[in-house]
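Worksheet for the structure shown next.
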2 protein chains.
Amino acid sequence: MNGDKLRSVSEKTINRLSLYRRLLENRFGKGHEHVFSHELAELACVTPAQVRRDLMCVDNSGSTSRGYSVQELVREITAVLDAPGGQRIALVGVGNLGRAILSYFSGRRPGIAITAAFDSDPSLAGRVINGCRCHPMSELSEVLRGSEIGAAIVAVPASAAQDIADRLVAAGVRGILNFAPVPLKVPEGVFLEHRDMTMSLETVAFFARRSLGDAE
Amino acid sequence: MNGDKLRSVSEKTINRLSLYRRLLENRFGKGHEHVFSHELAELACVTPAQVRRDLMCVDNSGSTSRGYSVQELVREITAVLDAPGGQRIALVGVGNLGRAILSYFSGRRPGIAITAAFDSDPSLAGRVINGCRCHPMSELSEVLRGSEIGAAIVAVPASAAQDIADRLVAAGVRGILNFAPVPLKVPEGVFLEHRDMTMSLETVAFFARRSLGDAE
DNA sequence: GCCTGTGAAGCTATTCACAGCT
DNA sequence: AGCTGTGAATAGCTTCACAGGC
């Protein structure tokens with residue numbers, strides 16, 4: 001389809017495409033059939049030029065004086081973001097955060113499903129939480145090998161995270177979303193996103209304080 | 001102290017300083033008194049040049065052929081990041097995610113404390129979770145006004161998020177960490193960080209798939 | 001007139017590369 | 001010899017500004 005364009009799309013653009021799609025779905029639900037780049041920009045809190053630039057990587061239906069067709073745009077962004085048959089994700093670590101993630105994603109996005117969870121607590125084994133089956137940690141490799149899972153969420157304590165990451169990669173996982181408060185080492189070719197809450201919160205605290213100082 | 005340098009520090013640098021500090025604390029716990037930039041870089045998964053560049057904004061003790069003194073570096077980063085008397089944070093939304101955040105931050109960082117939580121569920125009012133008192137949502141402005149809280153975490157459903165943000169800003173909050181899956185509008189001068197799990201997960205899924213494709 | 005798509009400019013962040021120090 | 005601190009170069013991202021279309 002639009003193969004080569006996709007090779008070079010940046011992470012930030014993919015992030016925003018994900019956001020645009022949700023905003024558009026929501027907007028379409030409200031009866032709007034078309035959007036202008038400045039309207040979508042307003043919803044997403046970015047500039048209109050940014051929206052148009054981002055949309056260059058979707059196989060865009062083009063546009064008229066009415067702007068973009070919401071429905072077509074959603075379809076085209078989906079063609080870029082989602083795997084044709086949907087994508088399966090594993091969750092490792094079913095503590096407070098892991099459960100929050102399960103409950104949040106349960107059936108929320110059609111293209112993505114968390115289909116297996118793992119925890120070192122044996123009492124969770126066999127339980128089904130928000131439609132997702134929990135397995136003992138020891139079965140990680142085995143369960144992943146028999147599945148179509150290509151990405152995983154790591155929500156375990158810092159001390160366990162690197163070991164888990166190694167095992168995930170060995171089992172064929174090529175994308176990791178890491179919530180553990182420690183940077184992970186993964187081989188070239190494995191995509192890694194580190195979402196460190198401590199970093200986020202300390203950063204917000206810093207700039208909040210600086211803002212106050214600026215005002216005075 | 002090092003006032004003007006701080007005006008221009010980027011968000012990314014502050015993020016990494018937060019990370020460096022934790023890695024250093026951990027390292028010092030293991031008996032290392034000194035680090036080289038390439039060692040810290042290895043721990044943080046960045047380049048040595050990046051580390052040195054980031055450290056330019058701390059009032060650095062300088063360095064010798066032994067590298068940086070871990071203890072001093074921690075102290076200097078703390079002088080940049082933390083408010084002198086510690087910083088208080090509010091949490092809005094005590095659902096699954098909110099509880100995960102409370103349990104995670106409970107006593108973890110000395111410079112930061114989540115001192116008030118709010119939820120629209122009246123049955124939570126008055127309860128204390130991980131040392132943090134829950135208030136009914138209606139008391140948000142009142143409680144914040146009588147406090148030193150300058151930043152807040154938003155962990156409510158999308159539909160409530162903008163209203164909460166407006167009330168937080170009106171009550172004097174100058175930094176918001178937003179976990180709701182919707183971009184928030186805040187006035188100039190209020191720092192906003194949007195941590196959207198759907199965006200993160202869809203992005204990881206996309207690049208995991210692309211990685212697989214690259215390999216084939 | 002007001003939109004989109006996009007080359008070019010402008011900005012920000014990262015890395016290079018080397019002077020200066022021990 | 002091997003480190004830090006930093007000007008200069010590079011790479012990456014965003015915005016400008018305008019040609020072309022309805």
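Not measured: the values here are computed from a predicted model. These numbers come from the heavy atoms of this one structure, side chains and all, not from hydrogens, waters or symmetry mates. Labels below follow one simple rule: chain letters A, B, ... track the order of the sequence lines, proteins then strands, and each chain is numbered from 1.
Judged as a side-chain hydrogen bond (donor to acceptor under 3.5 Å, both in side chains), and not counting sequence neighbours, Glu39(A) has no contacts. Listed by chain and number, the residues in a side-chain hydrogen bond (donor to acceptor under 3.5 Å, both in side chains) with Ser103(A) are Asn96(B) (sequence neighbours excluded). With sequence neighbours excluded, the residues that form a side chain to side chain contact (heavy atoms under 4.5 Å, CB included) with Ser10(A) are Lys12(A), Thr13(A). Residues passing the side chain to side chain contact (heavy atoms under 4.5 Å, CB included) test with Ala44(B), sequence neighbours excluded: Leu19(B), Tyr20(B), Leu23(B), Val46(B). Taking Arg66(B) as the reference, His34(B) meet the side-chain hydrogen bond (donor to acceptor under 3.5 Å, both in side chains) condition, with sequence neighbours excluded. Considering only residues two or more places apart in sequence or on other chains, Phe118(A) meets the ring-ring contact (aromatic ring centres under 6.0 Å, His included) condition with His135(A). The side-chain hydrogen bond (donor to acceptor under 3.5 Å, both in side chains) check on Asp82(B) picks up Arg21(B), with sequence neighbours excluded.
Within residues 30-37 of chain A, the residues that place at least one heavy atom under 4.0 Å from DNA chain C are, in residue-number order, Phe36(A), Ser37(A). The stretch residues 195-206 of chain A has no heavy atom under 4.0 angstrom from DNA chain D at all.
Protein atom CG of Leu73(A) is 11 Å distant from nucleotide atom P of dT4(C), rounded to whole Å. Distance CG (Leu55(B)) to P (dG5(D)): 7 Å, rounded to an integer number of Å. The nearest whole Å value for the distance from the CD1 atom in Ile14(B) to the P atom in dA13(C) is 12 Å. One interatomic measurement links the two molecules: CD of Glu72(A) to P of dT4(C), which rounds to 15 Å at whole-angstrom precision.
Sorted by first and then second residue, the pairs that involve residues 87-116 of chain A and meet salt bridge (Lys or Arg N to Asp or Glu O under 4.0 Å), not counting sequence neighbours, are Glu25(A)-Arg109(A), Arg109(A)-Glu202(B).
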I'd like a table of donor-acceptor pairs (distance under 3.5 Å, sequence neighbours excluded) in which one partner is a side-chain atom from residues 149-172 of chain A, with atom names and distances.
residue, atom, partner, partner atom, Å
Gln162(A), OE1, Lys185(A), N, 2.9
Gln162(A), NE2, Asp166(A), OD1, 2.8
Gln162(A), NE2, Lys185(A), O, 3.0
Arg167(A), NH2, Met137(A), O, 2.9

N/O to N/O distances under 3.5 Å, protein versus nucleotides 9-16 of chain D:
residue, atom, partner, partner atom, Å
dT14(D), OP1, Arg16(A), NH1, 3.1
dT14(D), OP2, Arg16(A), NH2, 2.9
dT14(D), O5', Gln50(A), OE1, 3.4
dT15(D), OP2, Thr47(A), OG1, 2.8
dT15(D), O4, Arg53(A), NE, 3.2
dT15(D), O4, Arg53(A), NH2, 3.1

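Remark: side-chain polar atoms of Thr203(B) are paired, donor with acceptor, to backbone N or O of Met199(B) under 3.5 angstrom.
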